[in-house]
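Structure first, commentary second.
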Amino acid sequence: MPDLILALDVLSRSEALRVADAAAPHLDAIKIGYPLVLAAGLDIAGPLSGFGIPLIADFKVADIPNTNRLIAEQVFAAGFSAIICQGFCGSDSVAACVEAADDAGGECYVVTEMSHPGALEFLSGKNAELLAQMAVDVGAHGIIAPATRPERVQTLRAIIGEKKILSPGVGAQGGDPAVIAPLIDGMIVGRAIYTAENPAKAARAYAEFRR
Ligand code: XMP
């Protein structure tokens, strides 16, 4: 059953540390991205590392290989354990992130099909399946796939085999944790935890799906 990954999309250092402190006993990783890093700086990774939980950088990196490599190196130097990149820029761009991850002893996850409705306009169906196959071919450690569409997660699982699937979309986006948990390796939950009146209690409830 999956790890529980908190998507910590809060907008200040103090709020990030408050929520992380409350939820940490129930978490396997913390994912942070542009909202928190733009508000609090990349060095928010320092105090968050203090909780002893791996940090995932969700920058959905999507550039030419050299720029991807430069971004990924900064991410791992800042103390992150994993990076999320887009696949649609092509295998060479993804490979740059994978190589930086391998060099740092970290992991790289490739976005396939996203969890929101608009994802179906361009990056679903066959394109998502091609992205999943490419993630395998370049040696990525796993993919990001939508908890809002469990049947698509099953299709993508058939392509990637034992590689990991991290899945956002549970809670605020309507994904059902009981349905998705058996299909994935990491369940990403944001608003349903960090906006809860009691983030510790909310995290504990989602952590139940790990068992
Ligand atoms: P919520 O608040 O909806 O937060 O639980 C979800 C978190 O996951 C991110 N997200 C995605 N990231 N592919 C990704 O790589 C996706 O399909 C996807 N859907 C949501 C979102 O930015 C937030 O941090």
Side-chain angles (χ1 to χ4, degrees), residues 2-11 15-16 19-20 23 26-40 44 48 55-62 68 71-72 75 80 82-89 93-94 97 101 107-125 127-129 131-132 134-135 140-153 155-157 160 163-177 179-181 183-196 199 202-203 205-207 209:
D3 287 348
L4 178 59
I5 302 165
L6 170 63
L8 193 53
D9 296 326
V10 298
L11 297 179
E15 182 67 355
V19 173
H26 311 292
L27 301 177
D28 301 290
I30 297 175
K31 180 180 84 66
I32 72 174
Y34 295 114
L36 180 57
V37 165
L38 291 175
I44 189 66
L48 288 177
L55 300 180
I56 301 171
D58 183 2
F59 296 141
K60 295 187 178 67
V61 184
N68 275 10
I71 294 168
V75 160
F80 289 85
I83 190 166
I84 295 173
C85 70
Q86 291 284 10
F88 57 71
C89 294
S93 291
V94 173
C97 290
E107 295 183 324
C108 174
Y109 292 86
V110 180
V111 177
T112 56
E113 180 170 315
M114 293 185 73
S115 56
H116 62 303
L120 298 177
E121 294 168 12
F122 296 106
L123 284 181
S124 61
N127 286 338
E129 293 157 27
L131 291 170
M134 183 264 282
H141 301 81
I143 63 168
I144 311 292
T148 46
R149 293 183 213 100
E151 72 289 353
R152 294 292 298 151
V153 171
T155 297
L156 295 167
R157 169 64 78 196
I160 67 160
K163 288 196 182 281
K164 291 192 210 168
I165 298 180
L166 308 187
S167 192
V170 161
Q173 295 182 65
D176 182 345
V179 172
I180 202 70
L183 307 176
I184 60 175
D185 303 283
M187 184 163 63
I188 298 171
V189 184
R191 285 164 286 181
I193 293 175
Y194 70 73
T195 65
Y206 283 106
F209 294 97

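All ligand and atom numbering here is 1-based and tracks the order in the structure. Treat the numbers as computed from the prediction; the structure is a model and nothing was measured.
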| note | Quick note on ligand 1: atoms under 4.0 Å from a heavy atom of Val111 include exactly 15 (O)
| Nearest to atom 19 (N) of ligand 1, what protein heavy atom do you find, and at what distance? | Ser115 OG, 2.5 Å
| field | Salt-bridge contact Glu107-Lys163 (side-chain N to carboxylate O under 4.0 Å) | value | no
| task | Between Leu166, Ile143, Asp9, Ile84, flag the one that comes closest to atom 24 (O) of ligand 1 by a heavy atom. | result | Asp9
| query | How far is atom 18 (C) of ligand 1 from its nearest protein heavy atom, and which residue and atom name does that atom have? | reply | Pro168 CG, 3.3 Å
| atom 5 (O) of ligand 1: which protein heavy atom is closest, and how many Å away? | Gly190 N, 2.8 Å
| query | What protein heavy atom is closest to atom 6 (C) of ligand 1, reported as residue, atom name and distance in Å? | reply | Gln173 NE2, 3.9 Å
| Under 3.5 Å donor-acceptor, Asn127 side chain and Phe122 backbone | yes
| query | Does any N or O in the side chain of Asn68 come within less than 3.5 Å of the main-chain N or O of Ser93, such that one atom is a donor and the other an acceptor? | reply | yes
| Using heavy atoms and a threshold below 4.0 Å, how should the contact between Met114 and ligand 1 be classified: side chain, backbone, both, or neither? | both
| Taking Pro146 as the fixed residue, which of Pro168, Ser124, Ser115, Ser167 is the one that meets the side-chain contact (heavy atoms from CB on, under 4.5 Å) rule? | Ser115
| task | Give me the one residue out of Leu27, Leu6, Leu4, Ile5 that meets side-chain contact (heavy atoms from CB on, under 4.5 Å) with Tyr206. | result | Leu4
| request: With salt bridge (charged side-chain N to carboxylate O under 4.0 Å, His left out) as the test, would you mind laying out the steps for Asp185 and Arg157 before giving the verdict? | output: CA-CA 11 Å; Asp185 303 283; Arg157 169 64 78 196; 2.8 Å; yes
| How does Lys31 reach ligand 1, by side chain, by backbone, by both or by neither, if only non-hydrogen atoms under 4.0 Å count? | side chain
| message | Taking Leu131's backbone N and O only, do any of them form a donor-acceptor pair with Thr112's side chain (distance below 3.5 Å, no angle check)? | response | no
| query | Which of the atoms in ligand 1, numbered in the order shown and given with their element, are less than 4.0 Å from a heavy-atom of Ala7? | reply | 7 (C), 24 (O)
| message | Give me the residue, atom name and distance of the protein heavy atom closest to atom 3 (O) of ligand 1. | response | Arg191 NH2, 2.8 Å
| said: So, applying side-chain contact (heavy atoms from CB on, under 4.5 Å) with Leu55, which one of Ile30, Val75, Ile44 is it? | reply: Ile30
| Looking at atom 14 (C) of ligand 1, what's its closest protein heavy atom, distance included? | Lys60 CE, 3.1 Å
| task | Quick one: look up the protein heavy atom nearest atom 13 (N) of ligand 1 and list residue, atom name and how far away it is. | result | Ile144 CG2, 3.4 Å
